[in-house]
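Take a look at the structure set out below.
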2 protein chains.
Amino acid sequence: METRDHNNPQEGPTSSSGRRATVEDNHLLIKAVQTEDVDLVQQLLEGGANVNFQEKEGGWTPLHNAVQMDREDIVELLLRYDADPVLRKKNGATPFIVAAIVGNVKLLELFLSKGADVNECDFYGFTAFMEAAVYGNVKALKFLYERGANVNLRRKTKEDQERLRKGGATALMDAAKEGHVEVLKILLDEMGADVNACDNMGRNALIHALLSSHNRDVEAITHLLLDHGADVNVRGERGKTPLILAVENKHLGLVKRLLKQEHIEINDTDSDGKTALLLAVELKLKDIAQLLCDCGASTDCGDLVMIARRNYDHSLVKLLLSHGAEEHFHPPAEDWKPQSSHWGAALKDLHRIYRPMIGKLKFFIDEKYKIADTSEGGIYLGFYEKQEVAVKTFCEGSPRARQEVSCLQSSRENSHLVTFYGSESHRGHLFVCVTLCEQTLEACLEVHRGEDVENEEDEFARNVLSSIFKAVQELHLSCAYTHQDLQPQNILIGTWMQLETIILSKLSQEQKTKYRMFSFIDSKNAVHLADFDKSIKWTGDPQEVKRDLEDLGRLVLYVVKKGSISFEELKAQSNEEVVQLSPDEETKDLIHHLFHPGEHVRDCLGDLLGHPFFWTWESRYRTLRNVGNESDIKTRKHKSEILKLLQPGPSEHSVSFDKWTTKINADVMKKMNEFYKKSGNFYQNTVGDLLKFIRNLGEHIDEEKHKKMKLKIGDPSQYFQKTFPDLVIYVYTKLQNTEYRKHFPQTHSSNKPQCDGAGGTSRLASPGC
Amino acid sequence: METRDHNNPQEGPTSSSGRRATVEDNHLLIKAVQTEDVDLVQQLLEGGANVNFQEKEGGWTPLHNAVQMDREDIVELLLRYDADPVLRKKNGATPFIVAAIVGNVKLLELFLSKGADVNECDFYGFTAFMEAAVYGNVKALKFLYERGANVNLRRKTKEDQERLRKGGATALMDAAKEGHVEVLKILLDEMGADVNACDNMGRNALIHALLSSHNRDVEAITHLLLDHGADVNVRGERGKTPLILAVENKHLGLVKRLLKQEHIEINDTDSDGKTALLLAVELKLKDIAQLLCDCGASTDCGDLVMIARRNYDHSLVKLLLSHGAEEHFHPPAEDWKPQSSHWGAALKDLHRIYRPMIGKLKFFIDEKYKIADTSEGGIYLGFYEKQEVAVKTFCEGSPRARQEVSCLQSSRENSHLVTFYGSESHRGHLFVCVTLCEQTLEACLEVHRGEDVENEEDEFARNVLSSIFKAVQELHLSCAYTHQDLQPQNILIGTWMQLETIILSKLSQEQKTKYRMFSFIDSKNAVHLADFDKSIKWTGDPQEVKRDLEDLGRLVLYVVKKGSISFEELKAQSNEEVVQLSPDEETKDLIHHLFHPGEHVRDCLGDLLGHPFFWTWESRYRTLRNVGNESDIKTRKHKSEILKLLQPGPSEHSVSFDKWTTKINADVMKKMNEFYKKSGNFYQNTVGDLLKFIRNLGEHIDEEKHKKMKLKIGDPSQYFQKTFPDLVIYVYTKLQNTEYRKHFPQTHSSNKPQCDGAGGTSRLASPGC
């Protein structure tokens with residue numbers, strides 16, 4: 001815009017005193033105008049301050065400010081110092097338009113003489129005439145009219161605003177909306193304003209008047225508009241007619257007046273399908289309901305009688321019945337099915353019954369719909385925007401409420417936490433709506449307990465814990481919160497996880513494998529972390545993270561033990577005791593690392609998601625084979641780096657694979673040694689040779705000639721896991737910080753989805769090769 | 001509850017007429033009472049209908065209904081037929097309590113004589129006396145008082161409600177809240193009600209009166225309460241004092257009266273830190289602001305002057321300045337950093353400036369903050385609950401608005417669509433807030449174009465497309481919607497994806513590999529599907545899904561070609577033409593399947609996510625090696641099933657691997673054949689032998705003795721992909737419906753997260769083995 005040229009904020013001209021005006025001076029000039037300090041204004045102008053300086057935010061010049069302060073003397077002073085009289089603010093308003101807001105006729109006159117156009121408008125289409133109407137400035141309005149202002153101009157706003165159907169309003173609508181009776185009267189009686197002009201949303205001045213519910217003069221204005229022939233069958237937002245708006249305003253007088261109009265459509269509905277009568281009954285407006293009935297409003301518009309009964313208004317019930325309203329005993333059963341199976345019956349019930357809406361939420365604080373108790377009430381079933389949710393109640397403004405909401409708001413993009421639907425505050429309470437899950441981890445484990453056999457691969461534990469680790473990691477890293485209350489009640493199991501758990505529990509091993517290969521169940525929402533009312537924004541104190549990690553350590557044991565040791569019991573034990581309770585080497589090592597996270601506590605979980613605990617038995621086996629396929633190991637290379645790395649230390653000879661050749665099935669050992677019978681290079685009791693052995697066996701055991709061997713050892717991945725339970729952790733520990741980690745399952749940067757747990761981890765293993 | 005014993009809905013006793021009353025009769029009895037049909041009531045009772053029948057929903061008996069209808073005659077009739085006079089509804093209300101709601105003294109007296117306790121209450125703690133106060137029934141109130149009702153009883157509600165601090169209110173608070181002046185007067189003057197009793201939230205009757213803003217008698221009630229010594233320094237919800245509530249009610253008279261109280265704290269703030277004066281200025285209440293200033297309210301409470309200026313109220317500005325208010329030119333710069341880098345500068349600006357809140361949303365419909373134009377306005381930057389969002393504008397109630405919101409509401413649990421934060425409706429507009437992404441796919445591809453070399457592995461395309469496939473699959477399956485407008489503008493790239501793209505573009509191949517192994521960037525939110533304003537709820541018509549699939553086919557080509565052919569151009573081409581434009585066999589086959597989805601159109605995407613297009617080159621190579629390791633192939637077994645399956649059909653001899661031995665580097669071929677020089681079993685030109693060749697080469701090429709061979713062919717996965725570009729698709733097609741699919745990368749049920757694309761697919765490949 002050309003006007004920008006006036007604005008050189010860097011420096012003003014050199015003043016008579018020889019000092020250069022600074023940007024600071026320009027700001028001071030504006031401030032001096034705002035505080036009406038004429039002397040200072042004069043002084044700054046003399047000092048060379050830029051008279052056309054525009055502040056950054058709204059583009060106000062000293063002149064705009066002087067007009068706004070209604071100070072003709074300062075305006076004249078600025079003009080004498082060459083202030084541009086037609087410069088626009090950022091919203092396009094000129095000093096002339098601002099003068100109409102203030103209602104200063106002298107200034108209006110002055111700016112007209114300085115080149116303003118009486119119909120000039122800002123970028124939203126507001127003219128001086130409209131502003132005079134908005135602010136109820138009668139004298140300015142009359143003056144502008146005399147000078148030729150266009151009374152019925154409709155606002156022409158920006159293009160994208162017009163696509164939103166903004167714009168198109170007239171001065172009459174402004175006066176009606178703001179409740180300026182006198183302006184309205186003049187516009188209609190003296191200036192020929194079009195009473196039925198409509199804005200771009202199709203609303204006339206009558207609608208505008210009725211939409212301003214706080215407007216105390218709404219009755220006078222409505223009468224004026226109706227007297228001048230305003231159309232009573234236009235519609236405002238949500239399809240509301242003037243009659244409906246009058247009912248919503250609870251204004252008996254207006255309803256009366258509107259019902260006297262010849263063309264009134266008494267049974268028109270708004271876009272929710274509600275008539276004026278239905279709204280009157282809902283709002284308990286007996287007088288208005290009576291009036292509407294008397295004027296012939298149809299009573300066939302919703303459950304009128306039931307609503308009146310609910311409000312204990314028996315006289316209204318009688319009135320409605322006498323006007324033909326029907327009792328609706330059995331509202332048509334809707335074809336609605338709950339998504340949750342666990343809460344299905346209660347949800348169906350809640351869906352059916354009437355409950356007053358709290359914003360977008362329908363729920364009922366009642367035993368029947370309670371999921372759990374909490375310290376500030378409970379968690380209940382509900383519908384938020386018609387979706388099934390869990391509703392947690394709080395006393396509004398309580399520390400717990402603040403912590404819960406602040407954490408949920410910061411973590412909307414994270415998929416391992418419960419989804420935050422929204423919250424409603426109502427009479428001092430806050431209702432927080434999140435994903436409705438099927439059950440807590442605690443309840444879920446009860447089903448699982450005693451189901452699996454000791455020492456078998458526990459896929460469920462691995463999946464659940466990997467989800468939990470990822471959830472906590474997300475919370476720590478992306479949201480920068482710590483949970484501070486990790487425990488089985490705060491870990492929820494989603495619909496799919498529960499379904500998959502049930503399915504898997506019913507299948508044989510072979511069927512499970514098949515199921516996993518073809519199943520379409522999406523497990524991403526398997527496990528959700530919930531309950532953030534003790535969570536705290538990360539302050540940088542590693543203790544906060546450590547507390548979460550220690551709880552996680554106990555959760556690992558809790559899940560691995562299928563809840564057979566209660567979490568409270570585990571909380572009462574020392575870290576060392578917990579570690580010792582681990583049933584296997586992988587668990588023990590994992591928990592140990594949670595209790596001793598090292599320096600970078602916040603990165604700890606990412607590292608640990610790559611821990612062998614999370615590898616399937618198949619991929620543990622695959623890792624051993626990969627390492628065994630290293631050229632150095634195959635050839636027992638002298639001075640090989642990897643062989644050196646794998647060498648046990650002096651204190652490491654109590655490992656299960658010490659003298660490993662004696663622990664392998666003797667027939668298999670013999671058969672495998674046959675290959676080397678010419679060279680005499682039989683397998684030796686080194687870690688390297690064990691890995692080579694595992695590699696060779698793995699590569700060839702599926703060949704037909706090795707059928708017998710396979711019969712003897714069964715599934716090799718299980719065989720090696722059970723024969724050498726500490727081998728995987730040993731190899732992992734030795735190689736984890738070396739280039740040979742390339743042989744590990746590529747789940748290291750494990751917040752990557754592909755290592756997502758639930759029902760799928762086993763697929764990480766490379767297919768048989 | 002004992003009362004339930006009365007309720008046997010299955011059957012009533014045998015009537016005198018010999019007919020057994022049915023459940024239907026019981027319902028009819030209630031209806032007859034409700035419609036006051038005394039004869040029918042009598043008849044049904046005679047017929048044996050259950051006089052104590054309770055309807056399921058609220059537990060209402062005929063007696064409760066008769067009381068509610070204020071019909072003493074029917075009540076007496078029912079009692080004659082042994083209606084239980086103290087039976088409770090589900091909320092615990094007895095007929096006695098209902099009589100107080102209706103205000104019928106005769107009935108109250110009757111039920112007292114039948115055993116009702118004057119202070120009995122329902123399960124929420126409401127007594128008859130309280131109900132009389134709520135409904136303004138003066139006579140009933142006086143009667144109950146005479147009969148010994150406890151005037152100052154505080155409601156004792158259920159335990160979980162008490163934890164929410166519900167309950168504790170008295171009859172006085174009820175009368176104050178409902179605006180019953182006469183009741184209030186009697187309670188205070190004649191019955192000794194405690195004016196300063198507080199409910200469990202600490203609110204006294206004064207707060208209750210002021211909280212009911214629609215209460216027309218609020219002034220009279222406030223005066224009465226103050227005259228009786230009500231404490232003016234209690235607080236209601238959000239810490240609001242009576243003075244603050246009076247200002248919010250815009251009630252000058254009340255403010256005046258409150259300011260006359262001796263102990264009033266004029267500068268108290270609510271829990272948002274706002275004083276009465278600040279609120280008055282915000283609400284443009286000049287009279288009240290003046291009054292507060294005159295009474296000594298501090299002007300040091302927020303940006304008073306700026307707010308008044310914003311409202312163009314220069315006289316208020318002057319008033320405030322004269323009472324010592326300061327201009328705040330430079331509000332302290334908050335330490336706030338945007339999350340989005342692409343929109344960072346504009347977000348910072350928007351964060352800084354003042355904008356009126358629309359519910360939980362702060363935004364500005366202005367070019368500066370515009371992300372894109374739409375047919376109903378545009379998409380703008382915004383803050384929803386202080387989180388960065390994209391705000392899409394709509395005309396409220398338009399079909400597009402309905403479709404967008406309905407789809408977003410149903411898909412909150414899905415992670416590949418943009419996250420739905422919430423929506424605000426305002427003056428006929430609807431503002432829908434979703435995840436703010438960095439850029440569209442279109443813009444993102446512009447950066448990528450020409451960057452990679454033809455015929456190289458295109459990880460970006462694979463990642464983006466796998467995300468898109470999963471998003472569409474989720475939409476179809478979990479949400480049961482179809483998109484109907486899939487195109488590059490509606491696919492958004494998240495912060496991380498963009499960052500990763502930039503990082504990867506700056507790294508060498510080796511660095512990339514390393515980066516991927518150690519990176520912690522979470523790619524789950526890599527790509528988001530957006531814009532659901534044309535989406536439709538799945539009706540069962542396969543055409544709807546097919547339309548999405550055809551668009552997807554074009555999107556595949558668009559992405560693979562890095563946007564070098566515009567999407568519009570592709571839309572103009574026939575399916576066949578699009579297929580023919582594919583640069584490689586995998587793409588061609590994938591697009592072909594999208595255009596010919598077969599019968600189960602909705603499952604199609606799940607299947608296709610396991611298509612070789614989505615396999616890394618490394619895992620394609622691994623698959624070929626796995627198949628080549630099959631015992632039958634290694635031994636060229638006669639009548640082998642897999643060898644039969646892999647046999648080319650009569651029309652398949654134009655494949656690249658026809659006579660494959662001649663296409664392999666001659667030295668390498670020779671070297672590989674050396675192994676068989678004794679047996680003479682050299683490699684032959686069959687598919688089986690090619691796969692065996694690939695397996696053997698793969699297993700040993702990393703050994704030191706094969707260094708030369710490695711130098712000749714380079715990376716084997718690339719070598720085979722380029723030498724036999726149709727081999728993978730060939731093997732896939734032949735084996736996909738057989739047990740040998742076990743050798744494919746286990747990504748078949750590919751909505752499983754572990755095959756998630758972005759930045760991670762390459763890790764699916766089993767590590768070198």
Could you look at A:Phe394 and say if it's the side chain, the backbone, both or neither that has a heavy atom under 4.5 Å from chain B?
backbone
Under a 4.0 Å threshold between the charged nitrogen and the carboxylate oxygen, would A:Arg695 count as salt-bridged to B:Glu699?
yes
For B:Phe431, check ring-ring contact (aromatic ring centres under 6.0 Å, His included) against everything at least two apart and list the hits.
B:Phe363
State, without any angle test, whether A:Glu413 and B:Thr435 hold a side-chain donor-acceptor pair at a distance under 3.5 Å.
yes
Where on A:Glu36 is there a heavy atom nearer than 4.5 Å to chain B: the side chain, the backbone, both, or neither?
side chain
Tell me every residue that passes side-chain contact (heavy atoms from CB on, under 4.5 Å) with A:Ser423, counting only those two or more places apart in sequence or in another chain.
A:Phe420, A:Leu430, A:Val432, B:Lys360, B:Glu385
Select, from A:Gly628, A:Gly378, A:Gly397, A:Ser375, the one with the greatest count of heavy-atom pairs under 4.5 Å involving chain B.
A:Ser375
What part of A:Arg309 lies closer than 4.5 angstrom to a heavy atom of chain B: side chain, backbone, both or neither?
both
Let me know if A:Met201 has heavy atoms under 4.5 Å from chain B in its side chain, its backbone, both or neither.
side chain
Are any side-chain N or O atoms of A:Arg412 and backbone N or O atoms of B:Tyr421, one a donor and one an acceptor, separated by less than 3.5 Å?
yes
Please check if the side chain of B:Arg163 supplies one atom and the backbone of A:Thr374 the other of a donor-acceptor pair under 3.5 Å.
yes
Measure A:Leu321 against the heavy atoms of chain B and call it side chain, backbone, both or neither at under 4.5 Å.
side chain
Chain B heavy atoms under 4.5 Å from A:Lys386: which part of the residue, side chain, backbone, both or neither?
neither
Need one label for A:Gln409: side chain, backbone, both or neither, based on atoms under 4.5 Å from any heavy atom in chain B.
both
Examine whether an atom of A:Asp373 lies under 4.5 Å from a heavy atom of chain B, and if so say whether it belongs to the side chain, the backbone or both; otherwise answer neither.
both
Got a donor-acceptor contact below 3.5 angstrom from the B:Ser271 side chain to the B:Arg238 backbone?
yes
Side chain from CB out, backbone as N, CA, C, O: work out which of these in A:Gln387 comes under 4.5 Å of a heavy atom of chain B, or both, or neither.
side chain
Given heavy-atom pairs under 4.5 angstrom as the criterion, report whether the side chain, backbone, both or neither of A:Arg427 touches chain B.
both
How long is the gap from CG on B:Asp199 to OG1 on B:Thr157, to the nearest 0.5 Å?
12.0 Å
Contact class of A:Glu367 relative to chain B, heavy atoms under 4.5 angstrom
side chain
Begin with the C-alpha distance, continue with both residues' side-chain angles, and end with the deciding distance and a verdict on side chain to side chain contact (heavy atoms under 4.5 Å, CB included) for B:His429 and B:Thr393.
CA-CA 7 Å; B:His429 307 302; B:Thr393 65; over 6 Å; no
Is A:Ile101 close to chain B through its backbone or its side chain, or both, or neither, when contacts mean heavy atoms under 4.5 Å?
side chain
Per-residue contact mode, A:Ser398 against chain B (heavy atom under 4.5 angstrom)
neither
Using distance alone, with no hydrogens and no angle criterion, decide if A:Asn200 and A:Lys166 have a side-chain donor and acceptor under 3.5 Å apart.
no
Residue selection (most heavy-atom pairs with chain A, distance under 4.5 Å) from B:Met69, B:Lys250, B:Arg165:
B:Met69
Region of A:Glu704 in contact with chain B, defined by heavy-atom distances below 4.5 Å
both
